[in-house]
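The figures that follow rest on heavy atoms only: side chains count, while hydrogens, waters and symmetry mates do not. Each residue takes its place number in the sequence, starting with 1.
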Amino acid sequence: MDRSAVPPVADRSRRYTVLVPAVDADGNETAGVRAPMVAVPLATYTGWNTRAPGQGHGALHEFSGSTFPFAATEDERTITGDPRPSVQQRYRDADGYTAAIRAAAEDLVVRRFLLAEDVDRAVTAAADWSSPRHRFELP
């Protein structure tokens, strides 16, 4: 392969390895500094999108990311067969969720990845867990 070619030309006779980040049990990436909403998730967040069947099925489409929400309740999780714990099982209610967000944000402050003044901002944003981003309404 000529490394000076602009634009570069792929050598189609060779295979290359596609590397992907490690993920946790929820499918969220484990590398780097995890924002509170990723450390205390309401969904699986990806940096990629798949194509719909019949439209390049299996191929990636854009890199703006996708969100795959957790089931809100255990009943919903059972009905849908989602192997991930439900929001209800994880946090019980909105107060449990915001407490977990606060703990994650405070941990980032201790590790010097977040300013102390931003902890309350993270908690305020988390208190609106029924926003269109997630659409969860639990007691």
Fill in: Qualifying residues under salt bridge (Lys or Arg N to Asp or Glu O under 4.0 Å), relative to Glu29, sequence neighbours excluded
none
Item to complete: Under the salt bridge (Lys or Arg N to Asp or Glu O under 4.0 Å) rule, collect the residues that match up with Arg12, sequence neighbours excluded.
Response: none
Worksheet entry | Closest approach of Ala31 to Arg34 (non-hydrogen atoms, all atoms of both residues) | O-CG, 4.5 Å
Response to the item:
Scanning both residues in full, the closest heavy-atom pair of Ala43 with Thr67 reads CB-CG2, 3.5 Å
Practice prompt. Indicate yes or no: at least one non-hydrogen side-chain atom of Asp120 is less than 4.5 angstrom from one of Arg102.
Written response: yes
Worksheet item: Are Ile79 and Glu76 close enough that some pair of their side-chain heavy atoms sits under 4.5 Å apart?
Response: no
Roughly how far, to the nearest 0.5 Å, is the [atom2] atom of [Y] from the [atom1] atom of [X]?
X     : Y      : atom1 : atom2 : value
Thr78 : Asp75  : OG1   : CG    : 6.5 Å
Met37 : Tyr97  : CE    : OH    : 6.5 Å
Tyr91 : Ile101 : OH    : CD1   : 7.0 Å

Practice prompt. Examine the side chains of Glu74 and Ser86 and answer whether a donor and an acceptor come within less than 3.5 Å of each other.
Written response: yes
Practice prompt. Give a yes or no on whether the backbone of Tyr45 and the side-chain of Asn28 come within a donor-acceptor separation of less than 3.5 Å.
Written response: yes
Worksheet item: Donor-acceptor pair, Thr98 side chain versus Ala127 backbone, under 3.5 Å?
Response: no
Discussion item. Here's a test for you: under side-chain contact (heavy atoms from CB on, under 4.5 Å), which of Val123, Val119, Asp118, Thr124 qualifies with Arg121?
Written reply: Asp118
Fill in: Same apolar cluster (I L V M F W Y, side chains within < 4.5 Å links), Val33/Leu114
yes
Fill in: Partner residues of Thr44 under the side chain to side chain donor-acceptor pair (under 3.5 Å) criterion, sequence neighbours left out
Arg84
